[in-house]
Amino acid sequence: MTGAGASMGSARARRTLAAIAAIVAAPVLLSYAIYYFAPPGRFTNYGELLSTQPFPGVAGQRPDGTPFELASLRPRWVLVVAAPSACDEPCAKALYATRQARTIQGKELERVARVLLVGGERAPEAALLAQHPDVVVVRVSAGVLDALPRGPGAIHLVDPLGHQVLAWPRDPDVKAMAKDVGRLLKASRIG
C-alpha cells in the first residue's frame with residue numbers, strides 16, 4: 001500500500017474505533033444524565049410503613065364460639081379492622097374500604113383476607129355483616145385491641161408470615177390503599 005492508502009485505512013480504523021467507543025459509552029453517559037438531571041421520584045406508600053416485627057398475637061372467638069387465631073389465616077395477607085364495641089360508623093367505613101381494596105385486586109383477591117376484631121360484648125349488626133360476607137369476625141379482649149401497632153383507630157395489614165406491614169386511617173383513600181396492597185401482592189412471592 002502506498003502512503004495515501006495506508007492513511008485512509010488508518011482513518012477508517014479510527015472512525016470504527018470511535019464508533020465502538022461511543023456505542024459502549026452512550027448507555028453509561030445517558031444513565032448519569034438521567035440520574036443527575038431527572039432524578040427518580042420518591043417511592044412512597046399511602047399507608048404508614050410499620051417497623052418489621054411480628055403482629056401482636058390475636059386470639060379470640062368467632063361468633064359461633066369456636067376459637068380463632070390470626071395465624072390460622074396464613075399464608076394470606078390480612079387486612080385487620082378493630083372495633084372497640086359493636087361496629088360504629090367509622091368501623092363500617094373501614095370495613096367498606098378493606099372490601100373495596102381487596103376487590104380491586106381482581107384475580108389476586110383470594111390472597112387477601114379481612115378480619116374484624118370486636119372488643120365489646122355487642123356483635124356487629126347482621127345487616128352490616130351481610131354486606132361483608134367474607135369478613136372474619138372475632139371477639140377479643142380490650143387488651144388485644146390496645147396492643148395493635150396503631151391501636152383500634154387504624155386499619156392494619158399483616159403479611160403472610162405474620163409481620164405487621166402497613167397501617168391506614170379508618171377512613172382511607174380506597175384507591176391509594178388498594179394501590180399499596182397491589183404493590184405488595186405483586187412484589188411478594190408468598191401468600
Side-chain angles (χ1 to χ4, degrees), residues 40-62 67-85 87-120 124 128-129 131-191:
R42 292 183 51 180
F43 179 76
T44 59
N45 295 315
Y46 169 67
E48 175 189 356
L49 188 61
L50 301 173
S51 62
T52 303
Q53 62 186 29
F55 193 71
V58 173
Q61 289 187 338
R62 294 179 186 238
F68 172 85
E69 289 189 16
L70 193 61
S72 68
L73 295 176
R74 289 183 189 160
R76 296 168 76 189
W77 292 82
V78 183
L79 291 166
V80 179
V81 175
S85 60
C87 191
D88 55 7
E89 185 178 341
C91 170
K93 286 182 179 180
L95 280 177
Y96 172 79
T98 61
R99 182 184 70 200
Q100 295 305 102
R102 180 177 180 265
T103 302
I104 289 171
Q105 303 314 313
K107 65 182 179 180
E108 299 291 327
L109 72 88
E110 291 302 320
R111 294 175 63 193
V112 181
R114 299 185 313 134
V115 173
L116 172 61
L117 303 177
V118 180
L128 176 67
L129 294 179
Q131 296 172 16
H132 304 278
D134 66 312
V135 75
V136 177
V137 179
V138 182
R139 186 172 318 286
V140 295
S141 68
V144 170
L145 298 182
D146 293 336
L148 298 177
R150 295 297 172 256
I155 300 169
H156 295 87
L157 180 66
V158 180
D159 74 10
L161 300 176
H163 296 102
Q164 60 191 26
V165 180
L166 292 171
W168 297 279
R170 292 281 290 249
D171 191 9
D173 176 336
V174 174
K175 287 183 181 178
M177 181 180 170
K179 193 173 186 179
D180 284 352
V181 173
R183 281 184 189 138
L184 289 168
L185 291 175
K186 185 175 180 181
S188 172
R189 296 285 179 230
I190 56 174

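Side-chain contact between Val158 and Leu73: absent, with no pair of heavy atoms (C-beta onward) separated by less than 4.5 Å. In this structure, the side chains of Cys87 and Val81 stay at 4.5 Å or more apart for every pair of heavy atoms. Contact check for Leu184 versus Trp77: side-chain heavy atoms found under the 4.5 Å cut-off. In this structure the side chain of Thr98 never reaches within 4.5 angstrom of the side chain of Trp168, judged on heavy atoms. His156 has its side chain out of reach of Leu117: every pair of non-hydrogen atoms, C-beta onward, lies at least 4.5 Å apart. A heavy-atom distance below 4.5 Å is found between the side chains of Leu166 and Leu49. Side-chain contact check for Ser188 versus Asp159: every heavy-atom pair is 4.5 Å or farther apart.
Asp180 places a side-chain N or O within donor-acceptor distance of the main-chain N or O of Tyr46, the cut-off being under 3.5 Å. In this structure a side-chain-to-backbone donor-acceptor pair under 3.5 Å is present from Arg111 to Ile190. Counting only distance, with no hydrogens or angles, the side chain of Gln53 and the backbone of Gln164 share no donor-acceptor pair below 3.5 Å. Side-chain atoms of Asn45 never come within 3.5 Å of backbone atoms of Gly47 as a donor-acceptor pair (strictly under, hydrogens ignored). Between the side chain of Arg99 and the backbone N or O of His132 there is no donor-acceptor pair closer than 3.5 Å. A side-chain donor-acceptor contact under 3.5 Å links Arg102 to the backbone of Leu109. The closest donor-acceptor contact from the side chain of Arg150 to the backbone of Pro169 lies at 3.5 Å or more, if one exists at all.
Taken from NZ in Lys186 to CD in Gln105, the straight-line distance is 12.0 Å, to the nearest 0.5 Å. The CD atom of Glu89 sits 11.5 Å away from atom CG of Leu128, with the distance rounded to the nearest 0.5 Å. Atom CG of Leu95 and atom CG of Leu79 lie 10.5 Å apart (nearest 0.5 Å).
With a 6.0 Å radius and a threshold of 12 heavy atoms from other residues, nucleotides or ligands, Tyr96 has its OH atom at or below the threshold. The local environment of CD in Glu48 is crowded, with over 12 non-hydrogen atoms from other residues, nucleotides or ligands closer than 6.0 Å.
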